[in-house]
Amino acid sequence: MTGEGLIERFIEMMAAERGSSLNTCAAYMRDLAQLRDFIGEDMENADADDLRRWIAAMGKLKVSARSQARKISAARGFYGFLIEEGVIKKNPTSGLYLPKVVAALPKHLGLAEIEKLIAAAKARSVAIGLRLDFMLELLYGTGLRVSELVGLPLSAIVKEQFIQVMGKGSKERLVPLNPMVIEKLRKWLRVRGVDKSKFLFPSRSAAGHLTRSMFFKDVKRAAMDAGIDPERVSPHVLRHSFASHILEGGSDLRTVQTLLGHSDIATTQIYTHIQSERKRQVLEDKHPLSEKNRASRRGLYKQDV
């Protein structure tokens, strides 16, 4: 496949799995097209030296640190994707210097918004509604990656209590199902019937199962029906919401790491920033000596005078 074709596959994954905005996808498309122009059409054959020369060239052109960071992130994501897809075996971006930028906190929805989204899914036609309702409940109830979700085989279900997930790097993990997910699993299996497909969510796609892009479109439509800005909703946002909410409920970071299938706990620690911000806000709202409450008391004192 040509470099252009590989880039298109990566951008499609970004939109479907990560819920990246049109602007982000367009920026990454431009960044990777520039990299292709620099390296050549056979991008899958690039090595670390090629990438270093590319970065050096950006430096000579005085590309800003923020733009360099985005371009290098695009390259990292692209070659990471090629690793996952089995196109290449060695990532040429490993060890690349990345200029420091302030990391964005993961987007997540509130519980009330999750409930509205699931309610909107239920309102669809029987088969589609039950499938979408179950998939959203499963995604939010387990924190699966969307690629893991759509490709689940029927054999992944273990006694209707767990699912055996094949994650990144062919690493397996056993994820427990809560009672609500189990109930919706049973309903979906009755509607799904005796379809001969090996997949839990069969379709007529080339892969044999519901695609990431089709599921992404269903989620966006449910968001619109629920009165939620579609730009705020994606399968990846539901994964973030799962992690944020169970941490808020008292789960420890190691458990969240295991459930999400992160190989490195440093990846999971981004959620602690959300918790830290929430704790800071609680402290500001509740502590009697906070500036907010001091100002409130000063107002009361003035009224007394």
Side-chain angles (χ1 to χ4, degrees), residues 16-21 103-122 131-150 152 160-163 165 167-168 173-185 187-188 212 215-216 218-220 222-286:
E17 181 170 344
R18 299 179 186 173
S20 299
S21 69
L105 296 178
K107 299 177 183 177
H108 64 287
L109 300 176
L111 182 56
E113 292 175 311
I114 297 287
E115 291 173 339
K116 285 182 182 179
L117 190 66
I118 292 175
K122 288 180 183 178
R131 183 183 69 189
L132 184 56
D133 176 26
F134 171 47
M135 292 183 80
L136 289 174
E137 194 80 57
L138 183 57
L139 197 62
Y140 175 64
T142 60
L144 294 182
R145 299 178 179 92
V146 68
S147 55
E148 296 169 345
L149 174 72
V150 296
L152 278 174
E160 291 190 347
Q161 303 294 319
F162 301 88
I163 50 172
V165 182
K168 288 185 176 181
R173 67 185 190 278
L174 195 64
V175 180
L177 303 180
N178 65 52
M180 181 61 73
V181 173
I182 293 171
E183 177 187 339
K184 294 187 177 183
L185 166 63
K187 288 181 180 179
W188 167 242
R212 294 180 293 203
F215 178 56
F216 180 72
D218 285 343
V219 172
K220 290 289 186 182
M224 288 189 288
D225 292 343
I228 303 171
D229 182 359
E231 288 296 315
R232 296 183 55 234
V233 184
S234 73
H236 215 57
V237 166
L238 290 173
R239 175 172 161 89
H240 290 321
S241 301
F242 160 80
S244 299
H245 292 173
I246 62 173
L247 272 173
E248 185 178 358
S251 179
D252 63 275
L253 207 59
R254 285 290 181 187
T255 299
V256 177
Q257 177 193 3
T258 300
L259 291 172
L260 292 178
H262 288 161
S263 57
D264 188 346
I265 198 167
T267 308
T268 319
Q269 285 174 335
I270 185 65
Y271 297 104
T272 62
H273 295 296
I274 296 175
Q275 301 309 112
S276 297
E277 176 59 25
R278 187 176 289 114
K279 289 174 183 176
R280 186 200 64 77
Q281 189 61 53
V282 169
L283 192 63
E284 177 64 21
D285 289 342
K286 304 299 183 184

**Student:** Applying side chain to side chain contact (heavy atoms under 4.5 Å, CB included), can you list everything that pairs with S241, at least two apart in sequence or on another chain?
**Tutor:** H108, L109, I114, Y140, V237, H245
**Student:** Taking the side chain as everything from C-beta on, heavy atoms only, tell me whether R131 gets closer than 4.5 Å to D218.
**Tutor:** yes
**Student:** Measure the CD-CG distance between Q257 and D252 for me, rounded to the nearest 0.5 Å.
**Tutor:** 10.0 Å
**Student:** Output yes when a side-chain donor or acceptor of K220 lies under 3.5 Å from a complementary backbone atom of V233, and no otherwise.
**Tutor:** yes
**Student:** side-chain hydrogen bond (donor to acceptor under 3.5 Å, both in side chains) with E148: which residues, sequence neighbours excluded?
**Tutor:** R145, R173
**Student:** What do the steps show when you test K184 against I118 for side-chain contact (heavy atoms from CB on, under 4.5 Å), and what is the final call?
**Tutor:** CA-CA 12 Å; K184 294 187 177 183; I118 292 175; 3.6 Å; yes
**Student:** Between E183 and E137, is there a side-chain heavy-atom distance shorter than 4.5 Å?
**Tutor:** no
**Student:** Check the pair V146 / L238 against side-chain contact (heavy atoms from CB on, under 4.5 Å), numbers first and verdict last.
**Tutor:** CA-CA 10 Å; V146 68; L238 290 173; over 6 Å; no
**Student:** I'd like to check E160 versus L177 (side-chain heavy atoms, cut-off strictly below 4.5 Å). Are they in contact?
**Tutor:** no
**Student:** Hey, does I246 have a side-chain heavy atom less than 4.5 Å from the side chain of T255?
**Tutor:** no
**Student:** Side-chain contact, heavy-atom cut-off 4.5 Å: L139 with V219?
**Tutor:** no
**Student:** Grab the two heavy atoms, one from L136 and one from A121, that are nearest each other, plus how far apart they are.
**Tutor:** CD1-CB, 3.7 Å
**Student:** Side chains of W188 and D133: does their closest heavy-atom pair fall under 4.5 Å?
**Tutor:** no
**Student:** Compare all side-chain heavy atoms of T258 with those of V175 and state whether any distance is below 4.5 angstrom.
**Tutor:** no
**Student:** Decide, yes or no, whether a salt bridge links K116 with D225 under the criterion of side-chain N to carboxylate O below 4.0 Å.
**Tutor:** no
**Student:** Between A16 and F216, which heavy-atom pair has the shortest distance, and what is it?
**Tutor:** O-CD1, 3.5 Å
**Student:** Using 0.5 Å steps for rounding, measure from the CG atom of L260 to the CZ atom of F242.
**Tutor:** 6.0 Å
**Student:** Could you give me the CA-CA distance, side-chain angles and deciding distance for L138 and I163, then say whether side-chain contact (heavy atoms from CB on, under 4.5 Å) is met?
**Tutor:** CA-CA 10 Å; L138 183 57; I163 50 172; 4.2 Å; yes
**Student:** Carefully, step by step, assess F215 and L132 under the rule side-chain contact (heavy atoms from CB on, under 4.5 Å).
**Tutor:** CA-CA 8 Å; F215 178 56; L132 184 56; 3.7 Å; yes
**Student:** What's the shortest heavy-atom distance between G141 and N178, and which atoms?
**Tutor:** CA-ND2, 4.0 Å
**Student:** Minimum heavy-atom separation for S147 and V150, please, with both atom names.
**Tutor:** O-CG2, 3.8 Å
**Student:** Can you list the residues that meet the side-chain hydrogen bond (donor to acceptor under 3.5 Å, both in side chains) rule with H262, with sequence neighbours excluded?
**Tutor:** R239, T268
